[in-house]
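Following: one structure in C-alpha cells, then a few remarks.
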Amino acid sequence: MKREILISATPQESWVALLEDDRLVELMLDRPDTDRLVGDIYLGKVEAVLPGIQAAFVDIGTDKAGFLHVSDLVSDEDSDEDDDDSDDGGGRGSSRNGGRNRGGKFPPIQTQIKKGDSVLVQVTKEPIGTKGPRLTAQVSLPGRFLVYMPFSTHIGVSRKIDQRDERSRLRQLAREIRPEGAGGLIIRTVGEELNRDRFAGEFNRLRSLWQKIERRAESSKAPTLVHGEAKLISGVIRDLFSDKLDALIVDSKQAHNEIVQYVKSVDPELMDRIQLYHDSVPLFDRYDIEEEIGEAFERKVMLPSGGYIIVEPTEALVSIDVNTGRFTGKGKRDPEETILRTNMDAAKEVARQLRLRDIGGIIVVDFIDMESQGNRDRVLQEVRTQLGRDRARTKAFAVSDLGLVEMTRQRVRPSLFQTLTRVCDHCSGAGRVFTPPTVIRRVERSLKRAAASGKERSITIRVHPEVALHVLEEEPDFVKRLKGRTRLELDLKDDPLLAEDEFRLLSGPAEEDVTSKYVTRQPG
C-alpha cells in the first residue's frame, strides 16, 4: 500500500494529511490560537475529590479543571505484556489502566489525594464540549523508538510487531538498557530491528528529560505547565515518518529545514523520502485534498458501488446508516449479493470516515440486513480489518440481530467537525428551522397574550423577509384579522437581520422590545 504525508504550513496554520493509495485517510490541524494539550505535563492543584465517582478535579491553569479518575492515579505494575503503540505520542497510550482495567479494584481515591494537594499529571484527552481535559498521573514520555514511563515497571512491545522472535529480542533489550527501578518502557513499531545502541541513546535522553521535568515541578507552584508535548509537525515526524511511508512532501521551506535536521539525527536513511514542494499550484490542490476536506463535512458519502452512507453525529453517539442507493446488482437476480457488495464497500468507507473526521466515542453502524450469517461475518471481518489501520484504539462488536455493528473509537480531541465549525446561531445545532406558517402561528399566539395582558396598545411585528413574503402571498388578511381579534394596532415589517424563524414584538412609538414578555421561547 502506498502511503504519503503531505504538510502544508503557514504562520497562521499547519495542516498534515495522511494518504493511503492516494486517498485522504487522516487530517490534522494546528493553529497558534488553538492549544493542543494532549501530552502536556502539569503540576496541578486538586480542586475537589469526589468519592462517589472515585475521581478528582484538578486545576492545571486551563479554563476548565481536568478530570482525574482513580484508575489513572494508581501506578501500573503490570510487566511483560503486549501493548498498544502510542503512535500519536504523549498521552494517547499513557493512560493504560484507564482503558484496560476500568472495572478493577483500586485504593479509594480519598485515601490517596485530598483537596489542595499538588499532583503531577499529564493530559490524555483534550477538552471536548462542556468537559474539561482528561488527566493521568501515569506520565509517559514518547520518543521515536521508545515510550518511557517513569512511574511504571512495565516492559511492553507494540502489538504491530508480530514476529515472536523479534518481540522477545526487543523485550530483552529493553530490560538490559533500563537500570533497576528506573521506570517502564514500551518499544514502538518503528523500533523494530533496531540495535541496543539506538535504544540506549534514546532511553538516556528520555530519562534525562524526565529528571528536568521533576526538578522544574519541585521548584514550581501549582498550577503550572512543566513540559509541553511536541507540536503537530514535530510529533507527526516522530510518530509517523518511517520506512513504511513512501514520501513526505512539505510546502514550507522553514518546516522542511526543521524536518531535515530532525531526520538527519534520528534516521538518516529516510532523508531521500523528504521532498520540498515548489509548484505554483498549492500542494493540497495538487492532491485534491481541499475537495476531500469538504466531503468530510457532508452527511452523505457515496460508495464505489453506487450505494451511500449517512453520518449523523449526536450527543451520545454517532450513527451511520448504509443504503444501496441506485446500486441494484447485475440483472437484479441476487439481492443478497447486491447487499453484501454494498455492505463491504460501506465497511471500508466507514473506517476511513472515522479516521478522516476523527470521530470518537460510541459509533453504531446500521448495515443493510443480510440473511446469511456467513455474509454477516464477512462484513464484520472487513470492518475489523479496516479498523486495524487506525492509529486510535478501536473495537467492533458482532453484528446484532438488527444488523447493527456497535463500535468504540478512542477519543483524544474534538472531531474535525467540532474543531472547524461552530453551532449555527439560527438553528442552535438542530439543523432545522421552523417553517413560515409555523412562525406566523407563533406570532399569532404571542399577540393574543399581549392583548390579554391589557398593557399594550400598538405593536410592530418584525419578521424575516421570507416570512413576510409568505404572509403577503398566502395570508394577506393576517394583520387585519389579528387587529379585529386583539384590538391592537398592528404593523408587520420585514427585517433581514433576523433568523428565518425569529421574530420581534416592539411596543408603542418608542418600539420597546417586549418579545420576551409574550413569547414562550424564541429559537436559539
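Keep in mind that this is a model prediction, so the values were computed, not measured. Residue numbers run from 1 in the order of the sequence given.
Under a 3.5 Å cut-off, the side chain of Arg413 and the backbone N or O of Arg36 do not form any donor-acceptor pair. Side chain of Arg167 to backbone of Gly156: no donor-acceptor contact under 3.5 angstrom is found. For Arg144 (side chain) and Arg188 (main-chain N/O), no donor-acceptor pair under 3.5 Å exists by modelled atom type. Of the possible polar contacts, one joining the Gln138 side chain to the Ser71 backbone as a donor-acceptor pair under 3.5 Å is found. Looking only at distances, no side-chain donor or acceptor of Arg196 sits under 3.5 Å from a matching main-chain atom of Leu173. Gln172 places no side-chain N or O within 3.5 Å of a backbone atom of Arg169 that could act as its donor or acceptor partner. For Arg352 (side chain) and Gln386 (main-chain N/O), no donor-acceptor pair under 3.5 Å exists by modelled atom type. With hydrogens and angles ignored, the 3.5 Å screen pairs no side-chain donor or acceptor of Asp366 with any backbone N or O of Leu404. A side-chain donor-acceptor contact under 3.5 Å links Arg384 to the backbone of Ala396. Judged purely by atom type and a 3.5 angstrom limit, Glu500 has no side-chain atom pairing as donor or acceptor with the backbone of Val433.
In Glu4, the CD atom is crowded: over 12 heavy atoms of neighbouring residues, nucleotides or ligands sit closer than 6.0 Å. The environment of Gln211 atom CD is dense: over 12 non-hydrogen atoms of other residues, nucleotides or ligands sit within 6.0 angstrom. The neighbour count for Lys395 NZ, taken as heavy atoms of other residues, nucleotides or ligands under 6.0 Å away, does not exceed 12.
In this structure, the side chains of Val236 and Phe241 stay at 4.5 Å or more apart for every pair of heavy atoms. Residues Leu354 and Val318 fail the side-chain proximity criterion, which asks for heavy atoms closer than 4.5 Å. Under the 4.5 Å side-chain criterion, counting only non-hydrogen atoms from C-beta, Pro150 is not in contact with Glu214. Inter-residue side-chain proximity for Asp358 and Arg409 is flagged as met; some heavy-atom pair is nearer than 4.5 Å.
Aromatic ring orientation, Phe297 versus Phe417: tilted (interplanar angle from 30° to 60°).
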Inset, instruction - Just do the salt bridge (Lys or Arg N to Asp or Glu O under 4.0 Å) check on Arg134 and Asp72 with the steps written out, would you? - result: CA-CA 10 Å; Arg134 180 67 183 264; Asp72 295 311; 2.8 Å; yes
Inset, instruction - Before giving the answer on salt bridge (Lys or Arg N to Asp or Glu O under 4.0 Å), spell out for Asp30 and Lys231 the whole-Å C-alpha distance, their side-chain angles and the decisive distance to 0.1 Å. - result: CA-CA 8 Å; Asp30 193 17; Lys231 297 304 178 185; over 6 Å; no
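Of all non-hydrogen atoms in Ala347 and Val383, the two that sit nearest each other are CB-CG2, 3.6 Å. Leu27 approaches Ala17 most closely through the heavy-atom pair CD1-CB, 4.0 Å.
Ion pairing between Arg389 and Glu26 fails under the 4.0 Å rule for side-chain N and carboxylate O.
Checking each of Ile5, Ile249, Ile237, Ile259 against Ile274 for a side-chain contact (heavy atoms from CB on, under 4.5 Å) leaves exactly one that passes, namely Ile259.
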